[in-house]
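Here's the structure, in structure tokens; my notes come after.
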Amino acid sequence: MLRAKESNLPRSLGQKKLNVIVIILDGLRKDHIGAYGNDWIQTPNMDALARESLRFTRAYPESMPTIPARRAIHTGMRTFPFRGWVPQKGDPIRLYGWQRIPEDQTTLAEILRPAGYETLMVSDCYHLFKPSMNFNREFTVDRRIRGQETDAYQPYWSTPKERLKEYVVKGLNGENLEGKLQQYLANTAQRHSEEDWFAPQVFRTAAKLLEGVSQRQPFFMVLDSFDPHEPWDPPRQYVELYDKNYDDLEPITPAYGKRDYLSDRQLKRMRALYAGEVTLVDHWLGHFLNKAKELALMENTVLVLLSDHGMALGEHGVTGKLSYKMGPEVTDIPFLLRHPEGKGAGQTSEYFASTHDVGPTILGMLGLKPPTPMDGQNLGVLLDGQEPAPRTYFTLSYNKHVLARDDRYVLTCRNDGAEAKLYDSQTDPAQLHNIADNHPEIVKQLFEYVLKDAGGGPLPIYES
């Protein structure tokens with residue numbers, strides 16, 4: 001008789017087959033979670049989940065931002081080096097790698113549904129809903145919650161221009177913050193209680209689905225929350241945990257560029273708004289996890305929680321996320337792997353973990369094989385005291401820029417190697433002091449890692 005991984009039959013825990021839940025929290029900084037060392041932001045539910053999980057301390061997206069990172073999560077394949085990329089028709093975003101999942105790449109849902117899994121996705125990440133994308137392949141349930149950010153959900157002109165006077169709307173480099181806020185305020189005009197905010201809608205919807213799908217195990221659920229991505233406007237009680245007595249314009253969405261458009265007080269407020277959004281997400285994550293425990297689903301469910309990238313809140317002199325300012329506040333992400341038997345609970349790993357490891361990790365833990373090899377590694381072997389293939393360095397890319405790092409040094413530069421900046425992560429973990437001119441040999445070695453991961457030869461340079 002064939003073993004499970006050879007016959008593509010899912011593994012079981014006793015008499016129950018293993019379920020899978022993947023939770024993606026967009027824009028969540030690792031250093032804003034208690035389990036990762038933060039001592040001023042309240043994240044009790046993530047902290048409790050971390051105590052039940054293997055926690056990766058060196059996790060990074062293989063590509064950023066939203067869409068490239070999710071492509072890797074859903075397929076186990078690297079998006080970098082973006083060869084053959086062209087701007088997605090009908091989508092105004094012009095970032096390298098920002099495109100639909102290629103038809104020849106198989107998604108987790110396409111593998112798990114034929115293996116007998118009920119497949120569900122709940123998300124308010126409106127980029128996934130665009131006709132040009134195809135992230136909903138083989139999900140039997142695809143619940144979309146509309147209205148985030150610039151989602152054209154309600155008529156933008158229903159927001160009176162007078163309302164914009166309450167907010168910081170000064171954009172940089174042609175960024176239309178006023179239009180962005182006008183659309184968002186129109187989308188959220190009908191809120192009446194906390195349950196109407198986006199994170200509560202996502203987690204409450206997913207919790208309700210658990211009640212039904214608990215009778216249809218095994219299942220694979222992707223819970224994709226766009227929060228704590230901006231705009232940051234959590235209910236007032238969450239903001240007041242971190243900032244009170246504020247009487248200036250509300251900076252609920254950042255201009256992507258130099259932070260000097262904000263006063264010091266406004267920047268403090270922006271950080272408090274983001275912190276409040278993180279705590280809001282954590283609270284409703286707890287609602288979802290409590291429902292899973294109430295239904296006894298955590299006893300036979302593998303759970304992965306991670307982010308796609310972070311967010312600069314004044315660090316390196318900028319706000320937002322910028323490809324030429326890839327500091328740890330943008331690149332360092334949380335990554336938790338929970339086994340239903342408690343394997344690895346409370347432990348940490350310094351393995352270079354990434355978004356493209358999610359697919360092979362899940363399939364490996366279920367004893368299933370993908371139809372074609374995936375680029376990522378099965379991190380689940382760490383739970384059994386084994387080691388995945390070694391990674392002595394890691395590379396990632398964001399639009400026209402790349403990053404390479406080893407155990408000590410971090411390099412950021414353009415795709416062609418120009419504008420190189422080198423940091424010593426041991427003596428300068430915040431990456432404030434560029435030492436590239438003093439160590440050209442290290443710069444050269446790290447950039448060679450980039451070229452190696454790109455398959456050799458020069459990287460593609462596009463006009464976008």
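Reckoned from all heavy atoms, side chains included, excluding hydrogens, waters and symmetry mates.
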> Can we call the ring centroids of Phe198 and Phe226 under 6.0 Å apart?
Replying inline: no

> Would you call Arg191 and Asp233 a salt bridge, using N to O less than 4.0 angstrom?
Replying inline: yes

>> Could you check whether atom CZ of Phe129 has more than 12 heavy atoms from other residues, nucleotides or ligands sitting under 6.0 Å from it?
In response: yes

>> Keeping Thr79 on the side-chain end and Ser63 on the backbone end, is there a donor-acceptor pair under 3.5 Å?
In response: no

>> For a quick test of reading the model, state the closest non-hydrogen atom pair linking Pro251 to Gln266 and the distance between them.
In response: CG-O, 3.4 Å

> Angle class for the Phe352/Tyr60 ring planes (parallel below 30°, perpendicular above 60°, tilted otherwise)?
Replying inline: tilted

> Any side-chain donor-acceptor pair under 3.5 Å between Thr361 and Asp357?
Replying inline: no

>> Can you give me the closest heavy-atom contact between Met311 and Gly320, atom names plus distance?
In response: SD-CA, 3.3 Å

> Is there a salt bridge (Lys or Arg N to Asp or Glu O under 4.0 Å) between Asp260 and Lys258 once you walk through the steps?
Replying inline: CA-CA 6 Å; Asp260 54 12; Lys258 293 182 179 180; 5.9 Å; no

>> So, taking the atom named NZ in Lys161 and the one named NZ in Lys165, what distance separates them when rounded to the nearest 0.5 Å?
In response: 11.0 Å

> Going through the checks in order, is the salt bridge (Lys or Arg N to Asp or Glu O under 4.0 Å) test met by Glu315 and Arg29?
Replying inline: CA-CA 13 Å; Glu315 297 86 0; Arg29 289 174 54 150; 3.0 Å; yes

> So, Arg259 side chain and Leu262 main chain: donor-acceptor pair closer than 3.5 Å or not?
Replying inline: yes

> Under the 3.5 angstrom rule, does the side chain of Gln182 hit a backbone N or O of Thr159 as a donor-acceptor pair?
Replying inline: yes

>> Rounded at 0.5 Å granularity, tell me how far CG in Leu383 sits from CE in Met365.
In response: 5.0 Å

> Does any donor atom in the side chain of Asn290 or Glu294 lie under 3.5 Å from an acceptor atom in the other side chain?
Replying inline: no

> Of the non-hydrogen atoms in Gly147 and Tyr184, which two are nearest, and what is the gap between them?
Replying inline: O-CD1, 4.1 Å

> Nearest 0.5 Å, what's the NE2-CG distance between His309 and Leu396?
Replying inline: 12.5 Å

> With side chains defined as the heavy atoms from C-beta onward, is the minimum distance between Thr348 and Leu54 less than 4.5 Å?
Replying inline: no

> If only atom types and distance count, is the side chain of Gln217 paired as donor or acceptor with the main-chain N or O of Ser214 below 3.5 Å?
Replying inline: yes

> Are Asp243 and Arg265 close enough for a salt bridge, meaning some N to O gap below 4.0 Å?
Replying inline: yes

>> Applying the side-chain contact (heavy atoms from CB on, under 4.5 Å) criterion to Met64, which one of Leu95, Thr331, Ile333 satisfies it?
In response: Thr331

>> Set out, in order, the CA-CA distance, both residues' side-chain angles and the distance that settles salt bridge (Lys or Arg N to Asp or Glu O under 4.0 Å) for Arg204 and Glu195, then state yes or no.
In response: CA-CA 8 Å; Arg204 290 176 69 241; Glu195 286 76 9; 5.3 Å; no

> When you check the side-chain N and O atoms of Tyr126 and Thr150, is any donor under 3.5 Å from an acceptor?
Replying inline: yes

>> I need the minimum non-hydrogen distance between Ile252 and Glu230, along with the two atoms involved.
In response: O-CB, 4.0 Å

>> For the CD1 atom of Ile24 and the OG atom of Ser225, what is their distance to the nearest 0.5 Å?
In response: 10.0 Å

>> Between Leu273 and Glu250, is there a side-chain heavy-atom distance shorter than 4.5 Å?
In response: yes

> Less than 4.5 Å apart, any side-chain heavy atom of Ile101 and any of His74?
Replying inline: yes

> Considering only heavy atoms from C-beta outward, does the side chain of Glu178 approach that of Tyr167 to under 4.5 Å?
Replying inline: no

>> Less than 3.5 Å apart, any donor N or O on the side chain of Glu194 or Gln237 sitting next to an acceptor on the other?
In response: yes

> Which of parallel (below 30°), tilted (30 to 60°) and perpendicular (above 60°) describes Phe82 and Tyr96?
Replying inline: perpendicular

> Is there side-chain contact between Leu280 and Pro235, with heavy atoms separated by less than 4.5 Å?
Replying inline: yes

> Does some side-chain heavy atom of Pro328 sit less than 4.5 Å from a side-chain heavy atom of His316?
Replying inline: yes

> How far does OG1 of Thr107 sit from CE of Met121, to the nearest 0.5 angstrom?
Replying inline: 9.0 Å

>> Strictly below 4.0 Å, N to O, side chains only: are Arg70 and Asp308 in salt-bridge contact?
In response: yes

> With no hydrogens and no angle check, do the side chains of Thr140 and Glu118 hold a donor and an acceptor under 3.5 Å apart?
Replying inline: yes

>> Which heavy atom of Leu303 sits nearest to which heavy atom of Leu289, and what is that distance?
In response: CD1-CD2, 3.8 Å

>> Quick one, Asn187 with Gln154, criterion side chain to side chain donor-acceptor pair (under 3.5 Å). Give me CA distance, side-chain angles, the key distance, then yes/no.
In response: CA-CA 5 Å; Asn187 291 345; Gln154 298 292 345; 5.9 Å; no

> Does the Thr395 side chain pair with the main chain of Ala404, one donor and one acceptor, at a distance under 3.5 Å?
Replying inline: no

> ring-ring contact (aromatic ring centres under 6.0 Å, His included): which pairs involve residues 240-293, sequence neighbours left out?
Replying inline: His32-Tyr274, Trp40-Tyr242, Trp232-Tyr274, Trp284-His287

> What's the spacing between Trp98 CH2 and Gln88 CD if we round to 0.5 Å?
Replying inline: 10.5 Å

> Taking only residues two or more places apart in sequence or in another chain, which ones pass side-chain hydrogen bond (donor to acceptor under 3.5 Å, both in side chains) with Asn45?
Replying inline: Asp282

>> My understanding is that only one of Arg146, Lys130, Arg144, Lys180 makes a salt bridge (Lys or Arg N to Asp or Glu O under 4.0 Å) with Asp151; could you say which?
In response: Arg146

> Are Glu277 and Tyr238 close enough, and set up right, to give a side chain to side chain donor-acceptor pair (under 3.5 Å), and what steps lead you there?
Replying inline: CA-CA 7 Å; Glu277 199 83 31; Tyr238 290 94; over 6 Å; no

> Side chain of Asn399, backbone of Ser323: donor and acceptor closer than 3.5 Å?
Replying inline: no

> Any donor-acceptor pair under 3.5 Å linking the side chain of Asp375 with the backbone of Arg78?
Replying inline: yes

>> Run Asp384 and Leu382 through side-chain contact (heavy atoms from CB on, under 4.5 Å) and show every step you take.
In response: CA-CA 5 Å; Asp384 294 318; Leu382 290 163; over 6 Å; no

> Are any of the side-chain heavy atoms of Ser425 and Gln431 separated by less than 4.5 Å?
Replying inline: no

> Does Lys343 NZ have over 12 foreign heavy atoms under 6.0 Å away?
Replying inline: yes

> For the side chain of Ser307 and the backbone of Leu28, is there at least one donor-acceptor N/O pair under 3.5 Å apart?
Replying inline: yes

> Under 6.0 Å from the CZ atom of Arg143, do we count more than 12 heavy atoms belonging to anything else shown?
Replying inline: no

>> Whether the side chain of Asn38 engages the backbone of Ile33 through a donor-acceptor N/O pair (distance < 3.5 Å, no angle test) should be reported.
In response: no

> Okay, side chain of Asp332, backbone of Glu329: is any donor-acceptor separation there less than 3.5 Å?
Replying inline: no

>> With a 4.5 Å cut-off on side-chain heavy atoms, are Leu363 and Met374 touching?
In response: yes

> Below 4.0 angstrom, N of the basic side chain to O of the carboxylate: do Lys293 and Glu52 qualify?
Replying inline: yes

>> For the residue pair Asp227 / Gln148, report whether a side-chain donor-acceptor contact shorter than 3.5 Å exists.
In response: yes

